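Structure first, then comments.
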Amino acid sequence: FKPSIKSFNKDKPVILQFSRGVNKNLLSVAEALKGIPCHLRIIGGLHSEHISFLHGCAIEYSVVSNISDEQIVREYQECDFLVFASTYEGFGLPIIEAQATGRAVLTSNILSMPEVAGDAACFVDPFDVDSIRGGVLKIIEDSGYRDKLIQKGFENIKRFRAETIAEQYMNVYEELEL
């Protein structure tokens with residue numbers, strides 16, 4: 001994952017969403033997007049319940065699943081921002097992947113997401129549709145805020161470089177030797 005320059009489509013942004021598992025919160029995201037001109041790009045399979053709900057919300061969407069790592073990178077490059085309003089994550093790798101690509105991130109204010117995102121994401125309550133909607137609208141409408149998230153994202157990902165992690169391990173080992 002590396003920076004990929006793309007002009008933000010304010011009129012109809014492509015919003016990237018992962019859908020595998022109930023914790024990915026697709027139904028709340030769809031409800032939050034109701035009436036917002038956008039294209040929801042979903043990675044992962046959909047159940048009939050998801051399809052019905054998306055149609056009921058009149059959300060323009062497309063789905064891709066079983067894709068290669070290279071195709072996943074392309075999905076980040078082609079989107080305008082990532083919505084990751086998960087209700088539970090062990091880590092939240094899509095946050096780092098989107099930030100590394102130079103995309104703004106909207107994510108949950110719970111569990112591991114704030115620790116992973118640092119101060120480089122728009123945080124929302126994943127159990128509150130209005131909170132998700134407000135975050136989406138802020139990213140779409142406030143270019144200064146969006147640009148700030150992207151720049152902070154580039155800084156945040158430095159914490160997860162292999163060299164940085166290796167150095168942290170070495171520091172722990174050195175402390176243990178004392």
Side-chain angles (χ1 to χ4, degrees), residues 1 13-36 38-140 145-146 149-150 152-154 156-157 159-160 165:
F1 295 91
V14 174
I15 301 172
L16 188 61
Q17 159 83 36
F18 287 81
S19 75
R20 293 268 179 205
V22 175
N23 62 308
K24 301 304 182 192
N25 211 14
L26 177 61
L27 298 181
S28 291
V29 169
E31 189 172 342
L33 294 177
K34 199 182 300 185
I36 297 175
C38 66
H39 180 89
L40 185 62
R41 180 66 168 172
I42 302 166
I43 296 179
L46 293 182
H47 301 291
S48 58
E49 171 192 14
H50 294 139
I51 295 167
S52 296
F53 197 83
L54 287 162
H55 286 291
C57 291
I59 303 293
E60 179 183 309
Y61 73 95
S62 58
V63 182
V64 63
S65 60
N66 300 318
I67 60 176
S68 69
D69 291 343
E70 293 80 18
Q71 290 170 303
I72 289 175
V73 169
R74 217 168 312 123
E75 292 295 332
Y76 283 108
Q77 293 170 341
E78 293 173 1
C79 79
D80 289 293
F81 67 101
L82 172 71
V83 169
F84 197 69
S86 180
T87 58
Y88 173 81
E89 288 298 325
F91 183 77
L93 192 58
I95 295 167
I96 301 300
E97 294 170 343
Q99 289 175 338
T101 309
R103 298 302 178 265
V105 173
L106 178 146
T107 193
S108 302
N109 62 3
I110 59 171
L111 304 166
S112 63
M113 278 71 78
E115 290 79 17
V116 172
D119 66 348
C122 175
F123 293 102
V124 299
D125 179 346
F127 301 102
D128 182 348
V129 171
D130 290 332
S131 178
I132 298 168
R133 183 180 182 81
V136 166
L137 289 172
K138 186 166 186 170
I139 289 174
I140 292 171
Y145 176 70
R146 185 175 58 247
L149 291 179
I150 292 167
K152 286 183 170 189
F154 287 136
N156 184 57
I157 63 167
R159 298 185 304 136
F160 300 97
I165 301 298

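What you see is a predicted model; the values in this text were computed from it and never measured.
Two residues are said to be in side-chain contact when any heavy atoms from C-beta on lie closer than 4.5 Å; Ile96 and Asn156 meet this criterion. Leu16 places none of its side-chain heavy atoms less than 4.5 Å from the side chain of Ile42. At least one side-chain heavy atom of Cys38 sits under 4.5 Å from a side-chain heavy atom of Leu33. For the pair Val64/Ile67, a side-chain contact is recorded, criterion being any heavy-atom separation below 4.5 Å from C-beta on.
Partners of Arg146 by side-chain contact (heavy atoms from CB on, under 4.5 Å), not counting sequence neighbours, listed by chain and number: Phe8, Ala104, Ile139, Ser143, Ile150. Taking the salt bridge (Lys or Arg N to Asp or Glu O under 4.0 Å) definition, one finds that Glu97 meets it with nothing, sequence neighbours left out. Every side-chain contact (heavy atoms from CB on, under 4.5 Å) that Asp119 has, sequence neighbours left out, goes to Lys152. Not counting sequence neighbours, the partners of Arg74 by the side-chain contact (heavy atoms from CB on, under 4.5 Å) test are Glu70, Gln71, Gln77, Glu78. The side-chain hydrogen bond (donor to acceptor under 3.5 Å, both in side chains) check on Ser19 picks up nothing, with sequence neighbours excluded. Residues passing the side-chain hydrogen bond (donor to acceptor under 3.5 Å, both in side chains) test with Asp125, sequence neighbours excluded: none. Residues satisfying the salt bridge (Lys or Arg N to Asp or Glu O under 4.0 Å) criterion with Glu75, sequence neighbours excluded, are Arg41.
With values rounded to the nearest 0.5 angstrom, Leu54 atom CG is found 5.5 Å from Leu26 atom CG. Here the NE2-CG distance, from His39 to Asp80, works out to 11.0 Å after rounding to the nearest 0.5 Å. Rounded to the nearest 0.5 angstrom, Ile95 CD1 and Ile157 CD1 are separated by 13.5 Å.
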What's the verdict on side-chain contact (heavy atoms from CB on, under 4.5 Å) for Val136 and Val29, showing C-alpha distance, side-chain angles and the deciding distance? CA-CA 9 Å; Val136 166; Val29 169; over 6 Å; no
Is there a side-chain contact (heavy atoms from CB on, under 4.5 Å) between Phe81 and Cys122? Walk through the geometry before answering. CA-CA 11 Å; Phe81 67 101; Cys122 175; over 6 Å; no
Where do Ile15 and Cys79 land on the side-chain contact (heavy atoms from CB on, under 4.5 Å) test, with the steps shown first? CA-CA 6 Å; Ile15 301 172; Cys79 79; over 6 Å; no
If you apply the rule side-chain contact (heavy atoms from CB on, under 4.5 Å), what do you find for Glu31 with Val129, and how did you get there? CA-CA 7 Å; Glu31 189 172 342; Val129 171; 3.9 Å; yes
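Closest of all the heavy-atom pairs between Ala120 and Gly153 is CB-N, 3.4 Å. Scanning both residues, Tyr145 and Ala121, for their nearest heavy atoms gives OH-O, 4.1 Å. Nearest approach of Pro126 to Ile132, heavy atoms of both residues: O-CD1, 3.8 Å. Taking all atoms of both residues into account, the shortest heavy-atom contact from Gly44 to Val63 is O-CG1, 3.1 Å.
The ring-ring contact (aromatic ring centres under 6.0 Å, His included) analysis of residues 45-79, with sequence neighbours excluded, yields the pairs Phe1-Tyr76, His47-His50, His55-Tyr61. For residues 126-136, the set of pairs meeting the salt bridge (charged side-chain N to carboxylate O under 4.0 Å, His left out) definition, not counting sequence neighbours, is empty. Under the salt bridge (charged side-chain N to carboxylate O under 4.0 Å, His left out) criterion, the residue pairs touching residues 52-69 are Lys12-Glu60, with sequence neighbours excluded. Listed by first and then second residue, the ring-ring contact (aromatic ring centres under 6.0 Å, His included) pairs involving residues 90-134 are Phe91-Phe160 (not counting sequence neighbours). Residue pairs that meet the side chain to side chain donor-acceptor pair (under 3.5 Å) test with at least one member in residues 102-113, sequence neighbours left out, do not exist here.
Residue Phe18 is tested with Ile43, Asn23, Leu93, Val83 for a side-chain contact (heavy atoms from CB on, under 4.5 Å); the sole match is Ile43.
Donor-acceptor pairing under 3.5 Å is lacking for the side chains of Glu49 and Ser52.
Remark: the backbone N or O of Thr87 is not paired with any side-chain donor or acceptor of Asn25 at under 3.5 angstrom. Between the Gln17 side chain and the Ala85 main chain, no donor and acceptor come within less than 3.5 Å of each other.
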